[in-house]
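Below you'll find the structure, written out as structure tokens, and then a few comments.
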Amino acid sequence: MGSHRRTAPSSGPERGTALALGLLSVAATALGAVPATAAPQEDTRAEVDRLHHEAEKATEAYNAADERADALRQEIADAQDAIARKQQRVNTMREALGSLAGSQYRSGGLDPALALLLSEDPEDYLRKASVLDRIGVHRTAELKRLRGTLRSLSQDRAEAAKRLGALERSRKAAATHKRTVEKKLAEARRMLAALPAGERAAWNRASRSGRTDLLGPGGAPASGRAAAAVAAARSALGRPYVWGANGPAGFDCSGLTQWAYAQAGVALPRTSQAQRNAGRQVPLSEARPGDLVLYRSDASHVAMYMGDGQVIHAPYPGAPVRYDPVGMMPVSSVTRV
């Protein structure tokens with residue numbers, strides 16, 4: 001809903017008079033804007049449409065959060081593998097340095113000059129001292145490597161902790177969107193159930209109407225992979241709408257198009273907004289079978305064009321995957337994958 005700027009209210013009786021006049025003016029405007037023949041059922045149908053739209057937006061937000069959570073889970077698994085490998089290297093380095101330290105301690109307990117004077121074989125002592133010097137140089141290099149590995153390990157652990165935090169936030173966001181979807185869909189079902197049977201039928205007919213005169217001849221799919229995706233989408237006809245699902249038993253709108261193209265070996269993003277940018281934009285008049293048709297300015301719904309002015313899509317809960325006219329809703333863009 002848009003926001004409206006209001007001026008500071010006056011005080012006293014003038015404020016009450018102005019407020020009363022304002023309310024009357026608003027009421028008169030509202031009465032003038034609504035036709036006298038408008039029925040409550042029309043308002044109900046419009047409200048159901050609005051609830052379905054908002055639920056669809058929340059569904060796509062849920063899909064985005066869920067996709068992010070999946071990616072984070074994989075990143076965390078990879079990071080944990082890297083941390084385990086580095087920890088093993090650290091353990092090995094520490095063991096090697098421990099052996100060197102013990103050797104030096106056993107050989108270097110006396111002052112070097114005194115040890116040389118007391119040695120029965122000075123030449124043998126000097127040879128050993130030379131070896132110990134080389135061990136000391138090696139030990140210093142090993143210590144540097146150990147310190148570097150420990151720093152890297154600490155950074156990896158901090159990054160993994162950040163990812164775990166992001167994963168938890170993504171999970172919470174998905175749960176919030178899930179509750180939003182469930183609430184709006186439950187309200188839409190309640191309102192539809194309250195309509196007389198004839199009104200429900202009228203709403204269903206209205207939801208399947210649309211213009212097709214803006215389309216060209218359609219023709220064949222743009223590519224072999226588009227043809228394979230079209231065949232997959234047709235095979236899904238009649239399967240239920242399940243929000244947050246991407247097949248094969250049920251689908252939401254972007255789940256259907258993602259699944260259909262996956263059968264053609266093409267990986268599409270999970271959300272309708274991301275699918276809008278998954279290929280080249282073409283005019284609606286040049287749409288061909290397999291093209292993705294995005295609806296509404298927020299691209300909250302997606303369908304697959306089939307030719308002859310028809311699309312296949314997963315509409316909303318209670319309506320299975322089906323054909324509908326391409327102009328059933330305002331088209332925002334067409335994407336050729």
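Being a predicted model, the structure only gives us computed values, none of them experimental.
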Exercise. Ignoring hydrogens and geometry, is there a side-chain-to-backbone donor-acceptor pair from Arg336 to Arg280 under 3.5 Å?
Worked result: no
Exercise. So, Gln275 side chain and Ser254 main chain: donor-acceptor pair closer than 3.5 Å or not?
Worked result: yes
For this session: Answer with yes or no whether the side chains of Asn246 and Asp252 bring together a donor and an acceptor at under 3.5 Å.
Result: no
Problem set entry | Cationic N near anionic O, under 4.0 Å, Glu56 to Arg296 | yes
Exercise. Looking only at heavy atoms, which two atoms of Ala226 and Pro289 are closest? And how far apart?
Worked result: CB-O, 3.9 Å
Exercise. Just by distance, do the side chain of Thr180 and the backbone of Thr176 share a donor-acceptor pair under 3.5 Å?
Worked result: yes
Problem set entry | Side-chain heavy atoms of Arg157 within contact of Gln87, under 4.5 Å | yes
Problem set entry | Side chain Arg322, main chain His313, donor-acceptor under 3.5 Å | no
Exercise. With a 4.5 Å heavy-atom cut-off, do Ile312 and Val321 have their side chains touching?
Worked result: yes
Exercise. Counting distance only, does the side-chain N/O of Glu67 pair as donor-acceptor with the main-chain N or O of Arg270 below 3.5 Å?
Worked result: yes
Exercise. So, do Tyr62 and Trp243 have ring centers that fall under 6.0 Å from each other?
Worked result: yes
For this session: Salt-bridge test for Arg73 and Asp78: reply yes if a basic N is under 4.0 Å from a carboxylate O, no otherwise.
Result: no
Exercise. Quick one: CE on Met304 to CZ on Arg234, what's the gap to the nearest 0.5 Å?
Worked result: 10.0 Å
For this session: Please answer whether the main-chain N or O of Ser300 pairs with a side-chain N or O of Asp298 as donor and acceptor at a distance below 3.5 Å.
Result: yes
Problem set entry | Expected output: side-chain Gln258 to main-chain Leu268 donor-acceptor under 3.5 Å | yes
For this session: Could you pull out the closest heavy-atom pair between Met328 and Asp324, with the gap in Å?
Result: SD-CB, 3.6 Å
For this session: List the steps, then state whether side-chain contact (heavy atoms from CB on, under 4.5 Å) holds for Leu294 with Val331.
Result: CA-CA 6 Å; Leu294 285 305; Val331 174; over 6 Å; no
Exercise. When you check the gap from the basic side-chain N to the acidic O, do Lys57 and Glu54 get nearer than 4.0 Å?
Worked result: no
Exercise. Going only through I, L, V, M, F, W and Y residues with side-chain contacts under 4.5 Å, is there a path from Val266 to Leu256?
Worked result: yes
Exercise. Between the main-chain N or O of Gly309 and the side-chain N or O of Tyr305, is there a donor-acceptor pair closer than 3.5 Å?
Worked result: yes
Problem set entry | Short side-chain to backbone donor-acceptor contact, Tyr323 and Leu237, under 3.5 Å | no
Problem set entry | Mutual orientation of the aromatic rings belonging to His301 and Tyr295 [parallel < 30°, tilted 30-60°, perpendicular > 60°] | tilted
Exercise. According to a 4.5 Å side-chain heavy-atom criterion applied to Ile, Leu, Val, Met, Phe, Trp and Tyr, with indirect links allowed, do Val242 and Phe251 form part of one hydrophobic cluster?
Worked result: no
